[in-house]
Amino acid sequence: MRYIPHTEHDIQAMLAVLGADSVEDLIRHLPEALRQNAGLDLAPGLAEPEIIQRLTAFAEQQTGYSPERSFLGAGAYPHLVPVVVDQMVQRAEFATAYTPYQPEVSQGTLQVIFEFQSLVASLLGLEVANASMYDGASASAEAVLMAKRILPKRSRILVARSLQPQYRQVIQTYLDGFPGLSLVELGWDETGRLDQEALAQHLDERVCGVAVGYPNVFGVIEDIAAISRSAQDAGALTLSVTPESVALGILKSPGELGADIAVAEGQSLGIPLSYGGPGLGLFACRSRYVRNMPGRLVGETVDQEGRSGFVLTLATREQHIRRERATSNICTNHGLCALAATVFLCLLGKQGLRELALRNVKSSHYLAEVLQQAAGVQPRFPSPFFNECVLTVPRARRVWARLKEQGVIAGIVLEDWYADLRDCLLVCATELHTREAIERFGQQLRQAVV
Amino acid sequence: MRYIPHTEHDIQAMLAVLGADSVEDLIRHLPEALRQNAGLDLAPGLAEPEIIQRLTAFAEQQTGYSPERSFLGAGAYPHLVPVVVDQMVQRAEFATAYTPYQPEVSQGTLQVIFEFQSLVASLLGLEVANASMYDGASASAEAVLMAKRILPKRSRILVARSLQPQYRQVIQTYLDGFPGLSLVELGWDETGRLDQEALAQHLDERVCGVAVGYPNVFGVIEDIAAISRSAQDAGALTLSVTPESVALGILKSPGELGADIAVAEGQSLGIPLSYGGPGLGLFACRSRYVRNMPGRLVGETVDQEGRSGFVLTLATREQHIRRERATSNICTNHGLCALAATVFLCLLGKQGLRELALRNVKSSHYLAEVLQQAAGVQPRFPSPFFNECVLTVPRARRVWARLKEQGVIAGIVLEDWYADLRDCLLVCATELHTREAIERFGQQLRQAVV
Amino acid sequence: MKTPTRTPGPGKRTMLNEPLISARGSVGRVGYALPRDDIPERGQARDLPVELCREALDDFPEVSEGEVVRHFTRLSQWNMSAATTLYPLGSCTMKYNPVVNEYMARLPGLAQLHPLTPDDQAQGALMLLAELERCLAEISGMDAISLQPAAGAQGELTGMKLIRAYHQDRGTARKKVLIPASAHGTNPASAALCGYDVVQVATGSDGMLSADAVATCTDTEVAALMVTNPNTLGLFEREILQITDMLHQHGALVYMDGANLNALMGVAKPGHMGADVIQFNLHKTFSTPHGGGGPGAGPVGVKNILAPYLPIPRIAHKNDTYTWSDTAPKSIGRVRSFYGNFGILVRAYAYILAMGGDGLTHATRMAILNANYLRKRLESVYTLATHEPCMHECVFSDRSFQQTGIKTLDIAKRLLDYGFYAPTIYFPLVVSGALMIEPTETETKETLDEFADALLAIAQEITDQPDLLKQAPFTTPVSRLDETRAARRPVLRWSRSSDS
Amino acid sequence: MKTPTRTPGPGKRTMLNEPLISARGSVGRVGYALPRDDIPERGQARDLPVELCREALDDFPEVSEGEVVRHFTRLSQWNMSAATTLYPLGSCTMKYNPVVNEYMARLPGLAQLHPLTPDDQAQGALMLLAELERCLAEISGMDAISLQPAAGAQGELTGMKLIRAYHQDRGTARKKVLIPASAHGTNPASAALCGYDVVQVATGSDGMLSADAVATCTDTEVAALMVTNPNTLGLFEREILQITDMLHQHGALVYMDGANLNALMGVAKPGHMGADVIQFNLHKTFSTPHGGGGPGAGPVGVKNILAPYLPIPRIAHKNDTYTWSDTAPKSIGRVRSFYGNFGILVRAYAYILAMGGDGLTHATRMAILNANYLRKRLESVYTLATHEPCMHECVFSDRSFQQTGIKTLDIAKRLLDYGFYAPTIYFPLVVSGALMIEPTETETKETLDEFADALLAIAQEITDQPDLLKQAPFTTPVSRLDETRAARRPVLRWSRSSDS
Ligand SMILES: Cc1ncc(COP(=O)(O)O)c(C=O)c1O
Ligand SMILES: Cc1ncc(COP(=O)(O)O)c(C=O)c1O
């Protein structure tokens, strides 16, 4: 077997050292009733060309995912991924290392994470960022639990209903059974932003935090500054949740607007869509809360000769030391995705991320404009949005299906996620959507609505 | 520009050091008449996604190259390439280094070449191999020139007409103008092997060498032992030329059969077809001829602490030292392809290369058998062949065209290469040709011949 | 620029320093280009009011593409990795990560697939997931699988949520979870995240969990036992059947930590041991790369009784068509967005295809052979944590060298000089100064021998030159780092002022 | 196994030794699997008589896939490369090799295309080649291009064959080729391969070729001049127009070595300088990786008078269809199989697409700026070979330190300790102890400054600690190697006996 080196001769030589007659001898101590002799009911092993053939056949069944014909966003975004990103991710020294327990021979990974933390902190406008979480959704849930740890006497978390529904679901799952914390949902107003009246109404001394999408699921840019002022007045924390990190290339940072904890999904930063995973949870907070933070942290220090170097640090928050009292159960995080995002952010740099964000603004607004040329199609909310928006489309579901038959995926039918938002499509355009593709979509929509 | 780092600020700072006002100043010494101001008439530069799009469009115009429908060999062979090969070739430390002039910081490349030389020498059954040539064809030409260097008084080289025609053409080109050496072609007999009578007739004291394909262009396995006995009797050298290296996994090595110089095309050893290039010229000879050998050589030595290490050696044969008296003009060779072949040969190893060769024998003989079920189709030569063979097919050109319309590439019409071989197809099958593909071809041929 | 001093060292190495990327670059330099903008000009202010816009990303690098390549290529070389040396981290199963899996995960039809693509246009992806579920069920002996959890710990969390949902469904909100002292830290942390009180169960001096010990803790308040089998000492829990039976009799369930599944494939099925739920660490048993800390994947497998509670969405299969189904009224909900770490799942599936049933069984058997072999080669010099026969890893304690002042840490550091990554140290906590070695099945006998020879040589050094060990490593990019300082005065990011 | 000794070194590095692959492995071990064999059993003996078959491949390795990965990954780390550091090899143009080009060359429709695929099924590949020909013609100012030659030297050979064919066609088999003393070794070697007598033309003390010097050698026996412009001292040949005019008047042709085209793009066209034929080194100017010594690509460009002689096959274009055409009765024939190093051509084309006309011009200008900058920073301490203004590279001689006993070689070796690859040394031969530096346009000002600082520091070391230099390098995988021994007692391969 090409992955397993032992020859029969090797095995015999090793058994001889062990004084055993057979490998069987080594597992004879297992209870008889459990020993399995039938073998596994799986197909025989394949050679490499066969694996490639098999999986290529799977891959080729996928159709219609190209930005030429798909206008899907809603929590996962097609973006350019410079090939250098993938080249670095494929460096075996990065890919096949473990969590950097022995820092002396893991400085590569450690320095990358340190750089990642620096970039994320800067992007989110907060003082410290951790070494990554699984994804934006679970990072949101961890942020909510962290708010509770910071304000342990408080028992409620307010969550905007306009936060990407899967994120809300994950928060809900994490909260189920978590003692002393319940979730209250807050609606949106006619602008598509968090309903400030509802917020005012619910913000009391029982509330440990307010979690809101930035942008929210409608692509609308929430007024984090206003929310955080209200939250602060009530002694609560503001949690900003960004499912589309590219937006932060142009939007004011959550930290600068008053957020205490900010999380984001980093998939847009150089990580392929890959049917939704792996993604990358970005997590940052004010430095005074660092000891309540979940996840790993890398810090700078010096070696015995005074050379600068990096180590995992503040580990007393973590499960392998604190066990049931840890700030989180997370162990393996998304290190290689953090590398991808770091390479991506270095390539784009100061100028590029901003330019990329602006291009997304432009493409999606052009998309909205073009689509509005179809009869009865209108923006659902009159607010600034980033790269996706909600359009009212008469008989949206039927129109969506008609377009699909023509090979266009017209975003999602929002009613599937919000029963009260009927006849709405959520559509997205990024830098990968060409003018031609947008205009073709516009034309097909015009035909489809009639 | 993403590949060129200088900002306007950098440029000004550098110009200041130079005491120049502009970059223009630096080229003002060029003759006015030559200075070009109009710019280059090329399209504006593209971003990465655009390049990918453009070249993917080119790539997708290619159809029908899959071994499912193509039975082309004739000098280039579809074979499995373990992905590890490509992964190693992509290691930037290998790919972006130069010829290892500074051995202390090039031991990676040097050790790989040393291993390559060892494997090639062993494969070809000779004592020394060089660090690679461009391809099998130019290696053949270099071998011919080398024979002349070894036997400078002799003026003729005998070349089998059944040697892959492009190889013969390249030898001819290299010989044109080369003083004192002319090429004589020898035909084949009814078995498809070199015509021994013709050989005997031409082998005299004017002949420095006999060059023959092993296998030849018909896939037929030449009798190198007999040829080299005759050559030796005449004081001439035997040059063996293998366009399909996988064959050497099972065939007796040229060296063991008496060849003095053996060359081969290494494309089959882990190098993609890539429309015919880059390939890999393998070159080996008896050690007594090493100083007449073209190309680079890596040798083992020790450093100041006695550690083993590798260096370029015996460079006094080469152009950078010997200039017009060098054994060859070759400088850049095919180092990265040599790495690919080394990785390939290590993965397959002792057992794998043999098994691979046998599988090729099996597939191609099954192919021949299946195709012979078609009316009038017969083997042209009654000799053992490796993975390709010549079949007599009534109205071959028309049949070939008909099959092509059905999406099958039925090898090549041999008449295009040998006007005297009418109604013959040269077809090939390797380990990548499945039984299904072979049988489908057989069925289509049966229909096409009628 | 520092002047290199004259210090010839052993072995072959490269020697390139590399500062933080923030120390590179020049104002206005770029490493990218966007595609041509052919969309009619609209004016940013019209689309996005300037008051919503941030200032420039001040701390961001400005570097060329070539600088980026050099930076990360250089950094990569400072890592040891499974691709460059034996990485015998116990409990982490650092086996060879087949390169073909990397290519498979990058097939455009998989890598570029949007997760909200309509199901009928994603049949290949769905089918692949369905097949992977089937394979994992077969290997583990469980009835149903959810591929959603992103890593082992999230699998544990998911599993504990399932157990909680099960008990709640029966109206009995049990409060306690039993966890052996030897368990991995994620076990108690996950249980606590679900609001359970963790009750630690002592393990015997042989490192095993005894049915008796469990019995003394078991009552009707116990929701579940979390057990790792083989446990973190690499031992097969001898009394596992009695233990799981007993828990079931008390109405409690059994969570089995499947991180050590590499010891069981084709040898024994957790499903037969009484496990009600188990997580798989695909980044261990199923060869997906660890990535310097993820991404992994932590699917869970359950018995039928827990299937109704599995996270949504689930894969449904009808008339040769696969769909995502949300209709599971008893589901615990989602633990992450979309469907799990698809890219990792693809790699694991490719691995299973390559190995086949016999190959996986062989892998397990060779993993066990290798661990036993190392154990044997070392046991006369290093003190075994227990004398029970081991499975896929073996654990030593620091007992035999406690007098010398040498710590397990010193041995680990010295191993780096010998060119090997260190084993897991100080875990499991139940072993004094644990040294936990897991070689995996992909290491050669020669490498195991070299590694054993190194550890034996180090044992000799403990006697002969203890100071050497205390200051090791010597041949690494940096020497021992001041971890106390890192924690006392945390520097967790660069800032412009610290750049100088 | 060697015991590592205590030797902390400077800088960051890895430290893994690696023997020859032949020292790894075990009898019967494999690192591959063939696809399932579903072809009916036929029996080997029937197909291939045993007397044709060889014994086992005795010296071949037997290793697992994981061992192969580790072996080559470790080896790779012992190289310096353009991706890890400045690699200022003069004449070699070690610029940044864009990663995207690697991906493009691997597109299945290009990488898996059989060269004998019928033209109508290979239109994309043909069109790409045709476009690349057009681009190279535009850049160089030549009329026709052949992409066939595999490297610069083969391009030279092709070019000289063209010249020979041209003269023969006119019935005047001229015998001599003029080559300046500063030329690259491939120039005389290529000319000799075509049967020409090489006449060396002296270059002036300013490093330039003078029209006068050429005139003294020029007669009707001269077939051509081979000239490099800018020449190997990095100087633009001031009298190039007079020189080429004069040769043409004598019925001779001009071969221009285009290896230094990186100094000319968008600035001046060889075609305007009187060149009749030129080779391009795509692995230099056009950014394709050098691969530790190839593969490169060495297309030739010619004026119309030489077009009839270009190698076959040529690309023909008719009715929007591209075909390979063999019908060129005056062609010199083929210089290699098929159509050239297609994979390299794809990379070069992708590079041209990325840069565009303006980008290429900018590249040239920045390459010139960088060379001049380094020249300026070093000229007060190192002796310039000539004081003429330089183009894309600058050359120093060992004159200023000849007294000290330090050689150019010592400086080169010491540079390695500073983390840089060494410049080209002892070439061109016309400069005593030449040190030939070509930074290329892709290096940053910061890197150039660090490199200049290193060379200045070394100059100081020459005075202060000359012994240090004589023994350098100290921080490399091995120290100076015994080249004499390598040549005296050549060990050119492993053998079973030497393995021990
Ligand atoms: C025994 C055991 N359980 C659980 C885990 C947690 O898995 P993960 O790191 O994927 O979250 C680990 C990981 O180290 C482990 O070793
Ligand atoms: C000036 C010059 N001419 C010709 C060549 C030969 O090119 P190649 O190495 O591609 O054969 C070189 C290569 O170093 C060169 O520098």
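The model shown is predicted, which means the values in this text are computed figures rather than measured ones. Within every chain, numbering begins at 1; the chains are lettered A, B, ... in the order of the sequence lines, protein sequences first and strands thereafter.
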Can you find a heavy atom in the side chain of [X] that is under 4.5 Å from one in the side chain of [Y]?
| X | Y | result |
| --- | --- | --- |
| C/V68 | A/V343 | yes |
| C/W78 | A/E93 | no |
| A/D176 | C/I332 | no |
| A/L273 | C/Q112 | no |
| C/Y32 | A/V84 | no |
| C/P40 | A/Y366 | yes |
| C/K376 | A/M14 | no |
| C/L75 | A/E115 | yes |

Could you give the distance from [atom1] ([X]) to [atom2] ([Y]), rounded to the nearest 0.5 Å?
| X | Y | atom1 | atom2 | value |
| --- | --- | --- | --- | --- |
| C/S337 | A/Q164 | OG | CD | 7.0 Å |
| C/L52 | A/I221 | CG | CD1 | 5.5 Å |
| A/Q102 | C/T424 | CD | OG1 | 9.0 Å |
| C/R365 | A/H6 | CZ | NE2 | 12.5 Å |
| C/L57 | A/L119 | CG | CG | 9.5 Å |
| A/Y101 | C/Y421 | OH | OH | 8.5 Å |

[X] and [Y]: which non-hydrogen atoms are nearest, and at how many Å?
| X | Y | value |
| --- | --- | --- |
| C/L193 | A/F178 | O-CD1, 3.5 Å |
| A/G299 | C/L492 | CA-CD2, 4.0 Å |
| A/P278 | C/G343 | CD-N, 3.8 Å |
| C/P289 | A/A95 | CB-O, 3.2 Å |
| C/G195 | A/P179 | CA-CD, 4.0 Å |
| C/N372 | A/L18 | O-CD2, 3.2 Å |

Check whether [X] gets within reach of chain A through its side chain, its backbone, both or neither, counting any heavy atom under 4.5 Å.
| X | value |
| --- | --- |
| C/L89 | side chain |
| C/E62 | side chain |
| C/M273 | both |
| C/K161 | side chain |
| C/E443 | backbone |
| C/H184 | both |
| C/P389 | both |
| C/L360 | side chain |

Between chain C and each of [options], count heavy-atom pairs under 4.5 Å; write down the option with the most.
| options | result |
| --- | --- |
| A/L297, A/I321, A/L348, A/V290 | A/L348 |
| A/E256, A/E355, A/E318 | A/E355 |
| A/G352, A/A137, A/G125 | A/G352 |
| A/N333, A/V23, A/L353 | A/N333 |
| A/T99, A/L34, A/V311 | A/L34 |

Any side-chain donor-acceptor pair under 3.5 Å between A/S106 and C/N79?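 No pair is found: no donor N or O on one side chain lies under 3.5 Å from an acceptor on the other.
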Going by atom types alone, do A/N329 and C/S190 pair a side-chain donor with an acceptor below 3.5 Å?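 A/N329 vs C/S190: donor-acceptor pair found between side chains.
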Please check if the side chain of [X] supplies one atom and the backbone of [Y] the other of a donor-acceptor pair under 3.5 Å.
| X | Y | value |
| --- | --- | --- |
| A/T301 | C/D482 | yes |
| C/E138 | A/D41 | yes |
| C/R485 | A/E300 | no |
| A/Q62 | C/G124 | yes |
| A/R296 | C/G293 | no |
| A/Q351 | C/V30 | no |
| A/T96 | C/A83 | yes |
| A/R322 | C/A189 | no |
| A/S118 | C/R493 | no |

For A/Q111 and C/H71: C-alpha separation, side-chain torsions, deciding distance, then whether side chain to side chain contact (heavy atoms under 4.5 Å, CB included) applies. CA-CA 11 Å; A/Q111 182 166 328; C/H71 178 72; 3.8 Å; yes
May I ask you to name which of [options] has the most heavy-atom pairs under 4.5 Å with chain A?
| options | answer |
| --- | --- |
| C/A191, C/P115, C/A350, C/P490 | C/P115 |
| C/L107, C/I368, C/V267 | C/V267 |
| C/S81, C/G357, C/G25 | C/S81 |

For C/Y96, which residues count as a ring pair (Phe, Tyr, Trp, His ring centres under 6.0 Å) partner, sequence neighbours excluded?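 C/Y96: ring pair (Phe, Tyr, Trp, His ring centres under 6.0 Å) contacts with A/Y3.
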Regarding C/K413 and A/E104, does a basic nitrogen lie under 4.0 Å from an acidic carboxylate oxygen?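 Looking at C/K413 and A/E104, the cut-off is met.
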Would you mind checking if A/K362 and C/D37 are paired as a salt bridge, meaning a charged N to carboxylate O distance below 4.0 Å?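 Answer for the salt bridge query: yes.
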Test ring-ring contact (aromatic ring centres under 6.0 Å, His included) on C/F338 and A/Y275 and set out the steps. CA-CA 8 Å; C/F338 307 119; A/Y275 208 39; 8.6 Å; no
One pair to check against side chain to side chain contact (heavy atoms under 4.5 Å, CB included): A/T313 and C/V491. What are the steps and the verdict? CA-CA 10 Å; A/T313 192; C/V491 180; over 6 Å; no
Not counting sequence neighbours, which residues clear salt bridge (Lys or Arg N to Asp or Glu O under 4.0 Å) with A/D10? List them please.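 A/D10: salt bridge (Lys or Arg N to Asp or Glu O under 4.0 Å) contacts with D/R29.
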Test log, rule side chain to side chain donor-acceptor pair (under 3.5 Å), inputs A/E305 and C/S479: CA-CA 7 Å; A/E305 284 78 35; C/S479 61; 2.6 Å; yes
